[in-house]
Amino acid sequence: MLPLQLLRDESERIAQALAKRGLDAGPMLGEILELDRERRKLQAELDETLAEANRKSKEIGELFKTGKAAQAQELKEESGRLKERSKTLGEALNQAAEALQEALYQLPNVPHQSVPAGQDETDNEVVGQGGTKPVLPEGALPHWELAGKHDLIDFELGVKVTGAGFPVYKGKGARLQRALIQFFLDRNTAAGYTEVQVPHLVNADSGYGTGQLPDKEGQMYEVQVDGLYLIPTAEVPVTNLFRDVILSADQLPVCYTAYSPCFRREAGSYGAHVRGLNRLHQFDKVEIVRVEHPEASYKALETMVAHVKGLLEALQLPYRILRLCGGDLGFTSALTYDFEVWSAAQERWLEVSSVSNFEAFQANRLKLRYREGNDKPQLAHTLNGSALALPRVLAGILENYQDETGIRIPEVLVPYTGFDRIDS
RNA sequence: GGAGGAAUGGCAGAGUGGUCGAAUGCGGCGGUCUUGAAAACCGUUGAGGGUCACACCUCCGGGGGUUCGAAUCCCUCUUCCUCCGCCA
């Protein structure tokens, strides 16, 4: 949710920037500003009425004390009329405030100036790459076949226990996955991120805080009886740790990392592109989250990008970095870099990380602020990124590291796995 | 799951119908004193809306109600504590 003050001050600029998303925000902004005026007008009227009623109440108190009951009675009647009026005004105000709130929820974040205009993922801009695509041996296999051949992952068992998209990892497959989690957490904490373990179910307030609600409701699994949602990413609980928080400026930046399973309904996505580990309903991810001073947030974003890059280079996986275009940019993000790993056997790129600056968009919903000295609290900036999402990294390792007889383990992982090859 | 108690400002803790956004202590910030620091003393110190700035309005866990008037009374929800039961 964009800060209202920003819309009042810079609606022209915002409308232009939102055009990069292919959105004609002019009418929406007009409506919002109109609702805002309406709301303030009603608020002023209500305040005036309440002020009057407050004065009357005090007078009545005085009159009773001095024994002038008859006069007090008169004032009571006037007070009653004021009460009626404030009730009506209050209802009108609530309606206006609610309409304003809803309109604000509809408005996505303003793309950063560096965001390229564009329709969809084909317009994303490649801003970096590294590693070399391997030359695979004769008879190389896609990861789901490798996983079956070496008994690393059992997709069918997952179907039996739960359904499609819930794989069962076994033996060295499970071990490799755990090694990756450990490796990522170690690297992240070494880079200054504090490890946290957070709930995997969140309440609706948290969903609103980070922007999953109200619009992306269908993406999350919901536990209706308790009003809870399974997290689609650790971003939700971790960022919500800071809901309704005022930090002092010298506490910034706050850097957290968390491992969690992620649950996504991914309704309507089936077919060849979701085979194997390409797209799952449950997967593991290690996330990094930062709360930053607004002036430092873009520098922090570059730091995060460099860090994620370091992870992929340590694993020696061929990757590329994309700057998302306006059309592909997430609703809550101002600037996003995607990291993709080359899937050698499928011959396609797989997204393994998405690093974003949300500026004050989430902070505004979260009421996450910082205070400089004794100044008024200001909205902080929030950022996050995957570091990294596990299944596609796993897929990349299996495919890229396969040789004639099996699969090698990236050197940096060997201390974590305890084995350096997978052979059957 | 059952029975009781509680929820107030950064923290602790007063306040049981009016002048209470709220005593007091601690903490924070500013100052006096000091070579400097500590101590002591003085001042200041919640958030949101609104305004050029004031005024003014709202907020004492959330929601609803009683009353001219609610932190204070009633209902309800949530959370925490104590006891009992169950349990990884």
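Heavy atoms only: backbone and side chains are in, while hydrogens, waters and symmetry mates are out. Proteins get letters first, then strands, A, B, ... in listed order; numbering begins at 1 in each.
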Counting Watson-Crick and G-U wobble pairs only, both distances under 3.5 Å, name the nucleotide matched with B/C41, or none. B/G31
For A/Leu247 and B/G28, give me the distance from atom CG to atom C1', rounded to whole Å. 16 Å
Atom P, compared across B/G2 and B/U8: separation rounded to whole Å: 25 Å
Checking base pairs now: Watson-Crick or wobble, both atom distances under 3.5 Å. What partners B/G1? B/C84
Can you check whether A/Arg21 reaches A/Pro111 side chain to side chain, under 4.5 Å on heavy atoms? yes
Partners of A/Tyr401 by ring pair (Phe, Tyr, Trp, His ring centres under 6.0 Å), sequence neighbours excluded? none
Please report the distance separating the P of B/G69 from the corresponding atom of B/G18, rounded so that it comes out in whole Å. 14 Å
Could you list, one pair per line, each protein nitrogen or oxygen that sits under 3.5 Å from a nitrogen or oxygen of nucleotides 66-72 of chain B, together with the distance?
from	atom 1	to	atom 2	distance (Å)
B/C68	O2'	A/Ser57	OG	3.2
B/C68	O2'	A/Ser79	OG	2.5
B/G69	O4'	A/Ser57	OG	3.2

Test of understanding: with side chain to side chain donor-acceptor pair (under 3.5 Å), list the residues that count as partners of A/Ser297, not counting sequence neighbours. A/Asn357, A/His381
Run the side-chain donor-acceptor check on residues 87-99 of chain A: report pairs under 3.5 Å with partners two or more places apart or on a different chain.
from	atom 1	to	atom 2	distance (Å)
A/Thr88	OG1	A/Glu84	O	3.0

B/S/- along nucleotides 44-61 of chain B (protein heavy atoms under 4.0 Å) is ---SSBSS----SSS---
Suppose we call two aromatic rings close when their centres sit under 6.0 Å apart. Are A/His293 and A/Tyr370 close by that rule? yes
Inter-nucleotide P distance (B/C80, B/G31), Å rounded: 43 Å
How about A/His281 and A/Arg264: do any of their side-chain heavy atoms sit closer than 4.5 Å? no
Interatomic distance at C1', B/U72 relative to B/U66, whole Å: 13 Å
Distance between C1' atoms of B/C42 and B/C33 (Å, rounded): 11 Å
Show me the donor-acceptor pairs, under 3.5 Å and distance only, between side chains in residues 24-37 of chain A and residues at least two apart or in other chains.
from	atom 1	to	atom 2	distance (Å)
A/Asp24	OD1	A/Gly26	N	3.4
A/Glu34	OE1	A/Arg37	NH2	3.1
A/Asp36	OD1	A/Arg8	NH2	3.1
A/Asp36	OD1	A/Arg39	NH1	3.2
A/Asp36	OD2	A/Arg8	NE	2.6
A/Asp36	OD2	A/Arg8	NH2	3.3
A/Asp36	OD2	A/Arg40	NH2	3.2

For this output row, return yes or no: ring centroids of A/Phe283 and A/Phe166 closer than 6.0 angstrom. no
Considering only atom C1', compute the distance from B/U78 to B/U67 and round it to an integer number of Å. 27 Å
Work out how far the C1' atom of B/G28 is from that of B/G9, and round it to whole angstrom. 13 Å
Round to the nearest Å and state the distance from A/Asp205 atom CG to B/U78 atom C1'. 12 Å
Could you work out the separation of B/A40 and B/C81 based on their P atoms and round it to a whole Å? 36 Å
Ring centres under 6.0 Å, that's the criterion: do A/Phe184 and A/Tyr259 meet it? no
